[in-house]
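These notes are about the structure you will find just below.
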Amino acid sequence: MADKDEKLARGGDDAQNAGQSGLDSAEDLEVLSSADAEDSDGDGEPPPLEDAGGGKKDNNKNREGAPAPDPEDEWLDVLGNGLLKKKVLEAGKGPDSKPTKGQNVKIYLKASLADGTVVVEEPCLSFTVGDGDVIQALDLTVLLMEMDERALVQTDAKYAYGALGSTTPAVPPDASLILELKLLEAVEALDLELMAPVERIALAGQKRERGNTYYQRGDYAFAVNSYSIALQITEASSKVDITPQEEKEILDMKVKCLNNMAAAQLKLDHYDAALRSCVSVLAHQPDNIKALFRKGKVLALQGEYAEAIKILKSALKLEPSNKTIHAELSKLVKKHTEQRGVEQAMYKKMLGNPSSSTVQKHKAKSSWSFSWKWLFGATAVAIGGVALSVVIAARN
């Protein structure tokens, strides 16, 4: 039950997680050509909550006889858009006890739908603040809580499970949630340099899996963020001994994160960033099929068809039976041929029709040659006539 509850808090979904591990398998080449998931903004206003205090209250008077405060005044509009609100139920140990971004926290969590249906209850949920390990509503509101504070949070679907909802736990699409929280602990994260290699690999794997969850839900910017955190973990220097096998496992994790990041960057149309990710993979593994495929795809999207075709042919040599590469290569060859045809037509238009120009030049040359011949003949006749007149005049 605890595992199920933790999946809810982290935005997990059995149906979605089943496909996450395949993001870095051979099938993830297909992901690049699939349609992007629709954005889920969930702009609807969440329903009002009843006061959490017990017993009847006079809505008009307090104990001193003055008008009671408006219940809405007790709610903090976290983002100023009315979609995420927080109310303190029990004060904590003061502002200095609030957690900061990057710390590891433990909280009590109870999440319910607007109709009161409890979808999860987790007595001790652990996560790193600001890393995107949990739904946005938790990441944003925990930063505002004091140690031992109890709070009620009202969140729109936009900061929970969005338009897709979740199957495990059972959260309908576009559903707002009510979260009851208590901050139990906030400590500094472990120093990566002092972590055992096996712990670093496990932590990087968790961040990468979270990125895969975001990717499958179409939240590509959040996916890139999670992959970046995983990369930082794999690239951190170490003050403990690492065996060659552990170095290989860390490098393999780094390559997987870079490959997944390139896929997410392609979805965001960040072509230069995606190209850098692919180049980084190929620097470690020159024959990595996924990196070659994505590099070819990026180059094609940038209009570099000749180079893209060359890269995809290299990938096809390594995996001749891959239908995705075959299809992409055929499409690029066709586009490249069309591009060359357009360029040739453009050059002809710029330079004019060479054949007609040659004919015109030939005609002009022939006409000029004929004019010179006529002029030379006429001059010769005139000179001959003058000479004959001189001879006759001399005889006379």
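Heavy-atom basis, side chains included; hydrogens, waters and symmetry copies ignored.
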- Note on the structure: Minimal heavy-atom distance between K106 and C124, with the atoms involved, is CD-SG, 3.6 Å
- Message: How long is the straight-line distance from CG of L258 back to NZ of K290, given to the nearest 0.5 Å?
- Response: 13.0 Å
- Message: Between Y271 and D269, do the side chains contain a donor N or O and an acceptor N or O under 3.5 Å apart?
- Response: yes
- Query: Yes or no on side chain to side chain contact (heavy atoms under 4.5 Å, CB included) for Q154 and S176, after CA distance, side-chain angles and deciding distance?
  - Reply: CA-CA 8 Å; Q154 179 180 334; S176 59; over 6 Å; no
- Query: Are Y159 and L79 close enough that some pair of their side-chain heavy atoms sits under 4.5 Å apart?
  - Reply: yes
- Linked, directly or transitively: L251 and L192 (ILVMFWY side chains, under 4.5 Å): no
- Min side-chain heavy-atom separation K331-K335 under 4.5 Å: yes
- Item | R294 side chain to L266 backbone, donor-acceptor under 3.5 Å | no
- Message: Take a 6.0 Å sphere around CZ of F222 and say whether it holds more than 12 heavy atoms from other residues, nucleotides or ligands.
- Response: no
- Message: Between the side chains of K207 and D133, is the shortest nitrogen-to-carboxylate-oxygen separation below 4.0 Å, so that they form an ion pair?
- Response: yes
- Is it true that atom NZ of K98 has more than 12 heavy atoms of other residues, nucleotides or ligands lying nearer than 6.0 Å? yes
- Message: Could you see if M147 belongs to whatever hydrophobic cluster contains L125? Use Ile, Leu, Val, Met, Phe, Trp, Tyr and a side-chain cutoff under 4.5 Å.
- Response: yes
- Message: Please report whether the ring centroid of Y220 lies less than 6.0 Å from that of Y215.
- Response: yes
- Query: Taking C-beta and beyond as the side chain, do Y227 and N212 meet within less than 4.5 Å on heavy atoms?
  - Reply: yes
- For the atom pair NZ (K297) and CD1 (I311), what is the distance rounded to the nearest 0.5 Å? 15.0 Å
- D272 and Q302: side-chain donor and acceptor closer than 3.5 Å? yes
- Message: By the definition side-chain contact (heavy atoms from CB on, under 4.5 Å), identify the one residue from L292, T324, I289 that meets it with E319.
- Response: I289
- Item | Any donor-acceptor pair under 3.5 Å from D148 side chain to G92 backbone | no
- Message: Starting from F293, can I reach L282 by hopping between I/L/V/M/F/W/Y residues whose side chains sit under 4.5 Å apart?
- Response: yes
- Task: Identify the heavy atoms of I242 and P197 that sit nearest to each other, and give their distance.
- Result: CG1-CG, 3.7 Å
- Query: Is it true that a side-chain atom of R208 and a backbone atom of M253 form a donor plus acceptor pair closer than 3.5 Å?
  - Reply: no
- Query: Is there side-chain contact between D139 and V129, with heavy atoms separated by less than 4.5 Å?
  - Reply: yes
- Answer yes or no: is there a donor N or O on one side and an acceptor on the other, between the side chain of E146 and the main chain of G94, under 3.5 Å? yes
- E249 and I201 have their tightest heavy-atom pair at OE1-CD1, 3.4 Å
- Query: How long is the span from the CD atom in Q232 to the CG atom in L203, to the nearest 0.5 Å?
  - Reply: 11.0 Å
- Task: Any chance you could measure L89, atom CG, to L181, atom CG, to the nearest 0.5 Å?
- Result: 9.0 Å
- Rounded to the nearest 0.5 Å, the CG atom of D219 sits from the OG atom of S226 at a distance of 10.0 Å
- Item | N225 backbone acceptor or donor facing Y214 side chain under 3.5 Å | no
- State whether the side chain of R150 and the backbone N or O of E180 hold a donor-acceptor pair below 3.5 Å, judged by distance alone. no
- Looking only at non-hydrogen atoms, find the nearest pair between A262 and A274 and report the distance. O-CB, 3.9 Å
- V198, I233: one ILVMFWY side-chain cluster at the under-4.5 Å cut-off? no
- Are the side chains of D156 and L84 in touch, meaning some heavy atoms are under 4.5 Å apart? no
- Does a side chain donor of either E193 or S237 reach within less than 3.5 Å of an acceptor in the other side chain? yes
- Are T141 and T155 close enough, and set up right, to give a side chain to side chain contact (heavy atoms under 4.5 Å, CB included), and what steps lead you there? CA-CA 10 Å; T141 54; T155 177; over 6 Å; no
- Validation row: T213, E209 side chains within 4.5 angstrom (heavy atoms): no
- Task: Of all the heavy-atom pairs spanning A236 and R200, show the shortest one and how long it is.
- Result: O-NH2, 3.0 Å
- Are M195 and F127 connected in the hydrophobic side-chain network, where two residues link if heavy atoms are under 4.5 Å apart? no
- Query: Between atom CG of L275 and atom CG of L299, what is the distance when rounded to the nearest 0.5 Å?
  - Reply: 5.5 Å
- Task: List the atom of L113, the atom of A175, and the distance in Å for their closest heavy-atom pair.
- Result: CD2-CB, 4.4 Å
- Message: Less than 3.5 Å apart, any donor N or O on the side chain of N104 or T128 sitting next to an acceptor on the other?
- Response: yes
- Message: Regarding D252 and K248, does a basic nitrogen lie under 4.0 Å from an acidic carboxylate oxygen?
- Response: yes
